[in-house]
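In what follows, a single structure is set out as C-alpha cells and then discussed.
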Amino acid sequence: MYTQALDLPQQNPEGRPPSLAENPAWQAEFDAKIDAGGFIEPKDWMPEAYRKTLVRQISQHAHSEIVGMLPEGNWISRAPTLKRKAILLAKVQDEGGHGLYLYAAAETLGVSRDKLTDALLSGRAKYSSIFNYPTLSWADVGVIGWLVDGAAIMNQIPLCKCSYGPYARAMVRICKEESFHQRQGFDALLQLMQGTEAQREMVQDAVNRWWWPSIMMFGPHDSDSTHTGQNTRWGIKRISNDDLRQKFIDATVKQAEVLGVTLPDPELKWNEQRGHYDFGRIDWEEFWNVVNGHGQCNVDRLAARRKAWDDGAWVREAAMAHADKAARRAQAAA
Ligand SMILES: [Fe+2]
Ligand SMILES: [Fe+2]
C-alpha cells in the first residue's frame with residue numbers, strides 16, 4: 001500500500017532528508033505543495049520538524065489503536081449473545097488493523113517499527129488517554145462505540161485530507177471502519193434502552209462515566225494547545241480542537257435524545273445566538289492526570305502490552321528463522 005511511493009527519492013543521496021536551512025529551494029517547493037493542498041510523499045524532501053511531528057502523531061495514533069483493543073477485548077468472552085460477540089470481535093480486530101496501517105505509514109518516514117514499539121512499551125510514548133478508563137459493564141462497550149469511536153471519527157475525518165500522503169490514505173479506510181464501530185455501539189445501546197429498567201440504568205451509568213473523558217479526546221482548548229499553529233500551517237491539522245469538540249457535542253446531543261439517555265452536564269443547552277450547544281467546564285486536571293500516567297488503568301494497559309510482546313517473541317523468532325531459511329534456499333538454488 002505504501003511502497004510505490006518509496007522507490008524514487010527526490011534527492012538526498014545519504015538517504016536522509018537534509019536540514020531545512022541547507023535547502024531553501026526544496027523548502028520553497030515543499031511550501032508551494034502544501035499551499036496548493038497537495039500531498040507530500042515519502043520520496044519528497046520535507047523539513048525535519050515536519051517529519052518528526054508526523055512520526056510523533058502517527059505513532060501515537062497507532063499506539064492508541066493497539067492499546068484501544070484492550071478495554072473492549074476484555075468483553076469479547078462476556079458478550080451477551082453470539083451476534084454481539086461476532087460484532088465485537090470484528091470491531092476489535094479492525095482496531096488492530098488500524099494500528100498496522102498506521103505503523104506502516106510511520107515507517108515511510110524512516111523510523112523502525114521496533115523503535116516505535118519500544119517507545120510504547122518503555123512508557124516514553126503517549127497514546128489516547130481515553131483507554132486508561134476501565135470497562136465496568138457491557139453497556140461500556142456500547143458507549144465506547146457510540147462516544148469514543150464517534151469522537152475518533154470527528155477527529156479523524158479531517159486527517160483524510162492531511163498533507164502527508166500515506167497518513168491521509170490510511171485514514172480513508174480507517175474512517176469507514178470507525179463509522180461501523182460507532183453504529184454498532186449505538187445499536188447495542190438502543191437495544192439495551194428497549195430492555196429492562198436495570199439495563200437502562202446500566203446504560204445511563206456508562207454514559208455518566210464516559211461523557212467527559214470523550215469530550216476531552218479533542219485535546220486542550222485551542223488557547224492552550226502548543227502545536228496547533230504550526231500543524232495547521234503544515235496541513236496536518238485542518239480543524240481546531242475546540243471546533244471539533246463543538247461539532248461532536250452538537251451531533252451527539254440529538255443522538256442522546258433518540259437513545260433516551262441524559263448527558264451528565266447540567267449546563268448543556270442550545271444557544272440560539274451561537275447556533276451551537278453550550279456546555280460546562282471540562283476538568284483539565286483530570287485530563288492531565290491521566291495523560292501523565294495516573295489514570296485508573298495506565299499501569300494495567302502497559303503491563304498487558306508488555307506481556308503480549310513477550311508472549312509473541314516465539315512468533316517473531318520463528319518468522320525470522322523461516323525468512324532466513326527461505327533466503328538461504330533461494331541463494332543455494334541460484
Ligand atoms: Fe480505530
Ligand atoms: Fe474504532
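Ligands are counted one by one from 1 in listed order, and the atoms in each one are counted from 1 as well.
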If you measure from the Lys or Arg side-chain nitrogens to the Asp or Glu carboxylate oxygens, is any gap between Arg169 and Glu41 under 4.0 Å?
-> yes

Assess the side chains of Asn271 and His276: does a donor N or O sit below 3.5 Å from an acceptor N or O?
-> no

Just say parallel, tilted or perpendicular for the rings of Phe30 and Tyr50, cut-offs at 30° and 60°.
-> perpendicular

Centroid-centroid under 6.0 Å between Tyr164 and Phe39 rings | no

Leaving waters out, which protein N, O or S atoms fall under 2.8 Å from the Fe ion (ligand 2)?
-> Glu95 OE2, Asp149 OD1, Glu178 OE1, His181 ND1

Looking at Arg233 and Asp35, does any basic side-chain N land under 4.0 Å from a carboxylate oxygen?
-> yes

Is a side-chain donor-acceptor pair under 3.5 Å present for Arg84 with Gln191?
-> yes

